[in-house]
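Residues: numbered from 1 along the sequence shown.
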Amino acid sequence: KNSHIYDLDARRQIDSELAARTIDFMTRQSKAAQPFFAYVPLTHLHYPTLPHRDFAGKTGAGNFADSMSEMDFRVGQILDAIDALGIRDNTLVIFGSDNGPEFRRPWRGTAGMWQGTYHTSMEGALRVPFMLRWPGHIAAGGVSNEIVHITDMYPTLARVTGALMPADRLIDGVDQLDFFLGKQAKSNREGFVYYIKQELRAAKWRNWKMHIVWEPEPNAGPNHLETPWIFNLTQDPKEETDVGTENSWVRGPLRKMIHAFQESLKQYPPIPPGAPDDFVPKANL
């Protein structure tokens with residue numbers, strides 16, 4: 001029986017166990033000369049933020065800082081294991097996050113210069129760390145502000161592994177391998193639409209953002225804007241000043257992108273057979 005009681009003390013041990021099991025898995029695959037894919041969802045920086053006992057109090061700056069210190073250590077354990085197995089040059093390592101900081105106190109985090117937390121459509125919710133290491137393929141030290149979406153990982157990794165993409169359905173992601181390899185300076189994606197549940201909240205195109213529904217703080221209540229607000233994210237990273245009147249041209253490419261996505265939903269409904277009609281995502285533009 002491979003189970004035990006899950007309580008707060010057990011939670012403190014999750015990331016140490018994830019790292020140990022990942023290293024064991026990589027070791028077994030490497031010894032068998034078999035390729036592998038390891039997904040390692042480190043947990044401690046998600047509330048409740050409780051570090052392993054070995055890291056509790058280590059930084060003197062509270063549980064969150066202690067948990068960050070532990071995360072750094074666990075990632076280091078995995079990278080060290082890759083090096084020790086002699087597979088560094090043949091292993092693509094991806095480090096990223098699924099969303100911006102937590103909004104609940106006392107675990108509330110910060111997105112730095114960006115406003116917002118997750119459960120919002122603000123830049124603080126959408127922008128996350130994303131780093132890659134693949135010696136001999138991806139140059140070290142590169143930094144980019146280009147847009148990459150999580151859905152892009154599917155076609156990109158399929159190409160890396162030589163897998164065929166399904167031809168019987170629409171794939172939301174775009175292949176970003178040439179961009180990652182430095183063969184092109186620009187991402188293959190110029191923007192994306194953003195939904196919360198079934199409601200379109202915002203759309204982003206290049207360095208512009210259009211909010212259709214304004215709710216910068218979770219649970220503050222959605223404000224369905226009569227005229228969507230436009231923000232220039234280069235000049236206004238905190239999304240404080242609507243510049244839609246003097247930059248009305250931006251609505252064109254943004255609406256074109258939204259329209260194309262919504263038409264794709266009609267052609268390829270993301271709903272199971274027999275689901276209620278109101279399951280389909282809607283937007284009031």
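Note on ring orientation: taking the six-membered ring where Trp is involved, the planes of Trp229 and Phe231 are perpendicular (angle over 60°, cut-offs 30° and 60°). In this structure, His119 and Phe103 have perpendicular ring planes: the angle between them is above 60°, well past the 30° mark. Ring geometry for His149 against Phe192 counts as perpendicular: the plane angle is over 60°, on a 0 to 90° scale with 30° as the lower cut.
The closest side-chain heavy-atom distance from Ile258 to Met210 is below 4.5 Å. The closest side-chain heavy-atom distance from Glu123 to Lys204 is below 4.5 Å.
The 12-atom threshold is not exceeded at CD of Gln235, counting heavy atoms of other residues, nucleotides or ligands nearer than 6.0 Å. Counting non-hydrogen atoms of neighbouring residues, nucleotides and ligands closer than 6.0 angstrom, the CE atom of Met68 reaches no more than 12 such neighbours. Within a 6.0 Å radius of CG in Asn90, other residues, nucleotides and ligands contribute 12 heavy atoms or fewer.
Not a single donor-acceptor pair under 3.5 Å links the side chain of Thr120 to the backbone N or O of Gly116. Checked by atom type and distance alone, the side chain of Lys209 pairs as donor or acceptor with a backbone atom of Ser121 at under 3.5 Å. Without hydrogens or angle criteria, Asp152 side chain to Val148 main chain gives no donor-acceptor distance under 3.5 Å. Looking at Arg133, its side chain never comes within 3.5 Å of a backbone N or O of Phe95 through a donor-acceptor pair. Side-chain N or O atoms of Asp236 include one that pairs as donor or acceptor with a backbone N or O of Thr241 at under 3.5 Å. A donor-acceptor distance shorter than 3.5 angstrom exists from the side chain of Asp7 to the backbone of Ala10, with no hydrogens or angles considered. The backbone N or O of Asn188 lies less than 3.5 Å from a partner atom in the side chain of Gln176, making a donor-acceptor pair. In this structure, the side chain of Asp66 engages the main chain of Gly57 through a donor-acceptor pair within 3.5 Å. In this structure a side-chain-to-backbone donor-acceptor pair under 3.5 Å is present from Ser187 to Ile147. Side chain of Glu190 to backbone of Arg206: no donor-acceptor contact under 3.5 angstrom is found.
Put simply, Val93 and Leu18 are part of the same group of oily side chains (I, L, V, M, F, W, Y) that touch within less than 4.5 Å, one to the next.
Checked against the 6.0 Å centroid criterion, the rings of Phe55 and Phe73 qualify as a close aromatic pair.
Salt-bridge annotation for Lys238 and Glu240: absent, with no side-chain N of the basic residue lying under 4.0 Å from a carboxylate O of the acidic one.
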Side chain to side chain donor-acceptor pair (under 3.5 Å), that's the test. Do His224 and Glu199 meet it? Break it down for me.
CA-CA 11 Å; His224 294 81; Glu199 183 175 58; 2.5 Å; yes

What verdict does the side chain to side chain donor-acceptor pair (under 3.5 Å) test give for Glu215 and Asn219, after you've listed the backbone C-alpha separation in whole Å, the side-chain angles of each residue and the deciding distance to 0.1 Å?
CA-CA 8 Å; Glu215 190 177 20; Asn219 300 320; over 6 Å; no

| Does the pair Arg74 and Asp15 meet the rule for a salt bridge (Lys or Arg N to Asp or Glu O under 4.0 Å), with working shown? | CA-CA 7 Å; Arg74 301 302 176 201; Asp15 284 3; over 6 Å; no

> Can Asn145 and Arg127 be said to form a side chain to side chain donor-acceptor pair (under 3.5 Å), step by step?
Replying inline: CA-CA 10 Å; Asn145 193 44; Arg127 289 179 179 252; 2.9 Å; yes

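Ile196 meets the side-chain contact (heavy atoms from CB on, under 4.5 Å) test with Tyr194, Arg201; sequence neighbours excluded.
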Name the atoms and distances for all side-chain donor-acceptor pairs under 3.5 Å in residues 36-47, with sequence neighbours left out.
from  : atom 1 : to    : atom 2 : distance (Å)
Thr43 : OG1    : Pro41 : O      : 3.1
His44 : NE2    : Arg12 : O      : 3.0
His44 : NE2    : Glu70 : OE1    : 3.4

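Taking every heavy atom of both residues into account, Trp114 and Leu233 meet most closely at CZ3-O, 4.5 Å.
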